[in-house]
*Asks:* 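Got a structure here, written out as structure tokens. Questions coming.
We count residues from 1, following the sequence as given. It should be emphasised that the depicted structure is a prediction, and the values quoted were computed from it without experimental measurement.
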Amino acid sequence: MFLRLLFVLLCALNIVAGAWLLLGQPYSHVRGVTDRGVPELRLLSEMPDAGGTSSPPPPPPPATPVGQVAGAPPNYSCTTLGPFDTPQDLRDARQALGSQVARMRSRQEQIAQPGAWWVHLPGAATRAQALRQARQLGARNIADYFVVGSGDQANTVSLGLFRDRANARKRVNEVVAAGFPARMSERSENVPEYWLDLMIADGSRLDWHKYVSASGVGSHSAACF
């Protein structure tokens, strides 16, 4: 009985071993991934080059730093020209220097300049007091005055605005002689100034005087832009 059972067990093991050898290889009966005669696809990284080794791609060209003109030397300095009297003088300078510098920039600034001399009486506390002062001036035969009605100088009796300081002083003396505390003060006005900033490559030795014909123009070093 035991021998018969051992014989059946051995037969079963032989059957299992044969089935594994026949069916256990996962790709032995699988059809190729490509049709016959069609070359197999391969990744580019798997393809050897002509010399048998692969070489890295060439590095990209260096980028131009921000603020530097392409093709210009890496070092430069900046100069400011001005002030120009008129916008036309500024435009002429820009046109003449355009091909001589790496970069340029024009600017307009407002500056305060002495404009005139104002002769007046001290400001009154109320408009009624200012009108009373004006009537007193008229009684002393002093003409050409008016009472300021609004603004920072409201209730002030104005006695004239003079471009020439000597004429303003003469007017003050006239009113003071009549018995009134006249005074004079300088008034400024905002006027435009025009400037031209230049960025010049070091070593160019630019003589801007050859290109700028406007009078009264100077130069000084400035921070680059």
*Asks:* Is the count of non-hydrogen atoms from other residues, nucleotides or ligands lying under 6.0 Å from Q110 atom CD greater than 12?
*Replies:*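 Enclosed: over 12 neighbouring heavy atoms sit under 6.0 Å from CD of Q110.
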*Asks:* Return the minimal non-hydrogen interatomic distance between A182 and L159, and the atom names on each side.
*Replies:*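 That would be CB-CD1, 4.1 Å.
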*Asks:* Would a 4.5 Å heavy-atom cut-off, applied to side chains only, mark D92 and F84 as touching?
*Replies:*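 Of all side-chain heavy-atom pairs linking F84 with D92, none is under 4.5 Å.
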*Asks:* Between atom CE of M199 and atom CZ of R105, what is the distance when rounded to the nearest 0.5 Å?
*Replies:*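 Going from CE on M199 over to CZ on R105, the span is 11.0 Å.
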*Asks:* Look at the side-chain heavy atoms of Ile, Leu, Val, Met, Phe, Trp and Tyr, link any pair under 4.5 Å apart, and say whether L206 and L90 land in one connected group.
*Replies:*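 Linked within one cluster.
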*Asks:* Please give me the minimum heavy-atom distance between V157 and A134, naming the atom from each residue.
*Replies:*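 In terms of heavy atoms, the two residues are closest at CG2-N, 4.4 Å.
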*Asks:* Which pair of non-hydrogen atoms, one from M184 and one from A168, has the smallest distance, and what is that distance?
*Replies:*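 Distance-wise, the nearest heavy atoms are CE-CB, 3.8 Å.
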*Asks:* Does CG belonging to N190 count more than 12 external heavy atoms closer than 6.0 Å?
*Replies:*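 Yes, the 6.0 Å shell around CG holds more than 12 heavy atoms from other groups.
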*Asks:* Looking at every heavy atom in both P192 and Q108, which two are closest together, and how far apart are they?
*Replies:*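 Heavy atoms of P192 and Q108 come nearest at CB-NE2, 3.7 Å.
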*Asks:* Let me see the working for Y76 and R103 under side-chain contact (heavy atoms from CB on, under 4.5 Å), right down to the final yes or no.
*Replies:* CA-CA 10 Å; Y76 49 82; R103 185 178 300 169; 6.0 Å; no
*Asks:* Please test Y145 against V175 for side-chain contact (heavy atoms from CB on, under 4.5 Å), starting from the C-alpha separation and ending with a verdict.
*Replies:* CA-CA 11 Å; Y145 60 84; V175 177; over 6 Å; no
*Asks:* Return the CZ to CZ distance between R135 and R140, rounded to the nearest 0.5 Å.
*Replies:*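 If I round to the nearest 0.5 Å, the distance is 15.0 Å.
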*Asks:* Check the pair H120, S185 against side-chain contact (heavy atoms from CB on, under 4.5 Å), reporting the backbone distance first and the verdict last.
*Replies:* CA-CA 8 Å; H120 57 92; S185 59; 3.5 Å; yes
*Asks:* Using side chain to side chain contact (heavy atoms under 4.5 Å, CB included) as the criterion, list what pairs up with N141, not counting sequence neighbours.
*Replies:*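 N141 satisfies side chain to side chain contact (heavy atoms under 4.5 Å, CB included) with no other residue.
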*Asks:* Does the side chain of V101 come within less than 4.5 Å of W208's, by heavy atoms?
*Replies:*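 No; the side chains remain at least 4.5 Å from each other.
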*Asks:* Do W195 and P83 have side-chain heavy atoms sitting under 4.5 Å apart?
*Replies:*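 Yes, at least one pair of side-chain atoms sits under 4.5 Å.
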*Asks:* Considering all heavy atoms of both residues, which atom of A130 and which atom of N155 are nearest to each other, and what is their separation?
*Replies:*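 That would be CB-O, 3.5 Å.
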*Asks:* Can you find a heavy atom in the side chain of F180 that is under 4.5 Å from one in the side chain of Q136?
*Replies:*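 They are in side-chain contact.
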*Asks:* Could you measure the distance from the CG atom of L196 to the OG atom of S219? Nearest 0.5 Å is fine.
*Replies:*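 It is 11.5 Å, given to the nearest 0.5 Å.
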*Asks:* Can you run down the salt bridge (charged side-chain N to carboxylate O under 4.0 Å, His left out) pairs that involve residues 172-182, sequence neighbours left out, and say none if there aren't any?
*Replies:*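 Qualifying pairs: R171-E174.
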*Asks:* With a 4.5 Å limit on heavy-atom distance, are the side chains of L97 and L81 in contact?
*Replies:*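 In short, these two side chains touch, coming nearer than 4.5 Å.
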*Asks:* Please list, chain by chain and in numerical order, all residues satisfying side chain to side chain donor-acceptor pair (under 3.5 Å) with R107, sequence neighbours excluded.
*Replies:*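 Only E109, D197 meet the side chain to side chain donor-acceptor pair (under 3.5 Å) criterion with R107.
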*Asks:* I'd like to know if the side chain of Q88 pairs up with that of R91 as donor and acceptor (distance under 3.5 Å, no hydrogens or angles considered).
*Replies:*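 Yes, side-chain donor-acceptor contact under 3.5 Å.
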*Asks:* Would a 4.5 Å heavy-atom cut-off, applied to side chains only, mark P87 and Y194 as touching?
*Replies:*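 Yes, at least one pair of side-chain atoms sits under 4.5 Å.
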*Asks:* Rounded at 0.5 Å granularity, tell me how far CH2 in W118 sits from CZ in R183.
*Replies:*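 With rounding to 0.5 Å, CH2 (W118) is 10.0 Å from CZ (R183).
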*Asks:* Taking the side chain as everything from C-beta on, heavy atoms only, tell me whether S77 gets closer than 4.5 Å to S221.
*Replies:*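 Heavy-atom side-chain distance check fails, nothing below 4.5 Å.
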*Asks:* Test of understanding: clusters of I, L, V, M, F, W, Y form through side-chain heavy atoms closer than 4.5 Å, transitively. Do V176 and F162 belong to the same one?
*Replies:*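 In one cluster with V176: F162, yes.
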*Asks:* Run the numbers on L137 and L121 for side-chain contact (heavy atoms from CB on, under 4.5 Å), then give the verdict.
*Replies:* CA-CA 11 Å; L137 288 170; L121 296 181; 4.0 Å; yes
*Asks:* Do you know which two heavy atoms are closest between G123 and T156, and how far apart they sit?
*Replies:*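 Answer, listing the atom of G123 first, then T156: CA-OG1, 3.5 Å.
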*Asks:* Measure the CD1-SG distance between I200 and C78 for me, rounded to the nearest 0.5 Å.
*Replies:*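 If I round to the nearest 0.5 Å, the distance is 8.0 Å.
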*Asks:* Quick check for you: to the nearest 0.5 Å, what is the distance between Q95 atom CD and Y211 atom OH?
*Replies:*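 Going from CD on Q95 over to OH on Y211, the span is 13.5 Å.
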